[in-house]
Every structure is written in structure tokens, then in C-alpha cells.
Amino acid sequence: MPKPVNVNLDEVEMNPDRVEIRWGSKAVISRVFSVKETTVTKWIADMRDNPQFREYVINPSHRIVLINLDGFEKYVLWLQDNRYRRNKLK
């Protein structure tokens, strides 16, 4: 039987100004990359559909979504490189 995981909420960081942060919520991603949360939601859905970026979005529960900041940055750069392409580059 798996052991329950205890998380100390006082240690959870929600400040996007931290350099050490690896995973963030939609709100953190929105503040770090200066885009609206609805845009982040659309891009996360696209990341889930793309096998190249699927590993950077995790759902520990049905409500919690965590996004890897480095993976999200790679995705944004990929969007820039494939902006007007019909056949997307890998």
C-alpha cells in the first residue's frame, strides 16, 4: 500500500522571480512569460497534443497542473520557429 505524501505548504514557492524554480502553475508561467493565463491554457493543451513537449506538463491530480519552465520556454521558441509553417519542424 502506498504511503501518503505530506507536503508542507509553507515550503511551496509561488514566486516566479526565483531562479531555482523548475515547475510552476499556470499563474506562475503566466507571470514569468508575461502572457495571459488563457493563452497559457491554450498552449498547455497544444503541448499535451505534441509528443515532443508532452513530458513538460504533468497533472498530479485533476485540479493541479504543473509545467516545466525550461520545457515551456522550448515550446515558445518552437512556436516562434514554426509560426507560418504548414508542416511543423521538429
Side-chain angles (χ1 to χ4, degrees):
M1 184 167 180
K3 295 181 181 178
V5 177
N6 294 326
V7 177
N8 184 359
L9 294 178
D10 296 330
E11 295 176 1
V12 175
E13 186 64 47
M14 290 295 292
N15 185 1
D17 299 330
R18 272 187 61 209
V19 176
E20 304 89 30
I21 182 171
R22 287 186 51 209
W23 294 88
S25 65
K26 290 180 189 180
V28 171
I29 297 291
S30 175
R31 288 195 338 208
V32 169
F33 289 92
S34 300
V35 294
K36 294 189 178 191
E37 221 171 300
T38 55
T39 304
V40 172
T41 303
K42 291 176 188 175
W43 287 354
I44 289 171
D46 193 31
M47 286 176 74
R48 285 188 184 118
D49 293 339
N50 191 330
Q52 184 178 353
F53 300 105
R54 186 175 296 147
E55 66 191 55
Y56 299 120
V57 180
I58 58 173
N59 290 77
S61 74
H62 72 283
R63 276 192 157 196
I64 299 172
V65 177
L66 296 175
I67 305 104
N68 184 294
L69 266 69
D70 295 331
F72 193 80
E73 183 177 359
K74 289 178 187 176
Y75 175 74
V76 171
L77 292 172
W78 178 83
L79 279 177
Q80 173 185 324
D81 293 340
N82 292 290
R83 184 178 308 157
Y84 300 112
R85 296 185 188 272
R86 178 175 285 174
N87 298 323
K88 306 294 185 195
L89 298 175
K90 297 207 178 209

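Here, residue 1 is the first one in the sequence, and each next residue gets the next number. Excluded from the calculations below are hydrogen atoms, water molecules and symmetry mates; all remaining heavy atoms, backbone and side chain alike, are included.
Applying the side-chain hydrogen bond (donor to acceptor under 3.5 Å, both in side chains) rule to Asn59 yields the partners Arg48; only residues at least two apart in sequence or on another chain are considered. For Arg54, there are no side-chain hydrogen bond (donor to acceptor under 3.5 Å, both in side chains) partners two or more places apart in sequence or in a different chain. By the side-chain hydrogen bond (donor to acceptor under 3.5 Å, both in side chains) test, Lys74 is found to be paired with Tyr56, residues two or more places apart in sequence or in another chain being considered. Qualifying side-chain hydrogen bond (donor to acceptor under 3.5 Å, both in side chains) partners for Asp46, counting only residues two or more places apart in sequence or in other chains: Tyr75. Listed by chain and number, the residues in a side-chain contact (heavy atoms from CB on, under 4.5 Å) with Glu55 amount to none (sequence neighbours excluded).
Across every non-hydrogen atom of Phe72 and Met47, the tightest pair is CD1-SD, 3.6 Å.
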Side-chain donor/acceptor pairs under 3.5 Å, residues 35-44, sequence neighbours excluded:
residue: Thr41; atom: OG1; partner: Glu37; partner atom: O; Å: 2.9

Expected list for residues 60-67: side-chain donor-acceptor pairs under 3.5 angstrom, two or more places apart:
residue: Ser61; atom: OG; partner: Arg63; partner atom: N; Å: 3.3
residue: Ser61; atom: OG; partner: Ile64; partner atom: N; Å: 3.2

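Atoms CG and CZ, on Asn68 and Phe53 in that order, are 12.0 Å from each other to the nearest 0.5 Å.
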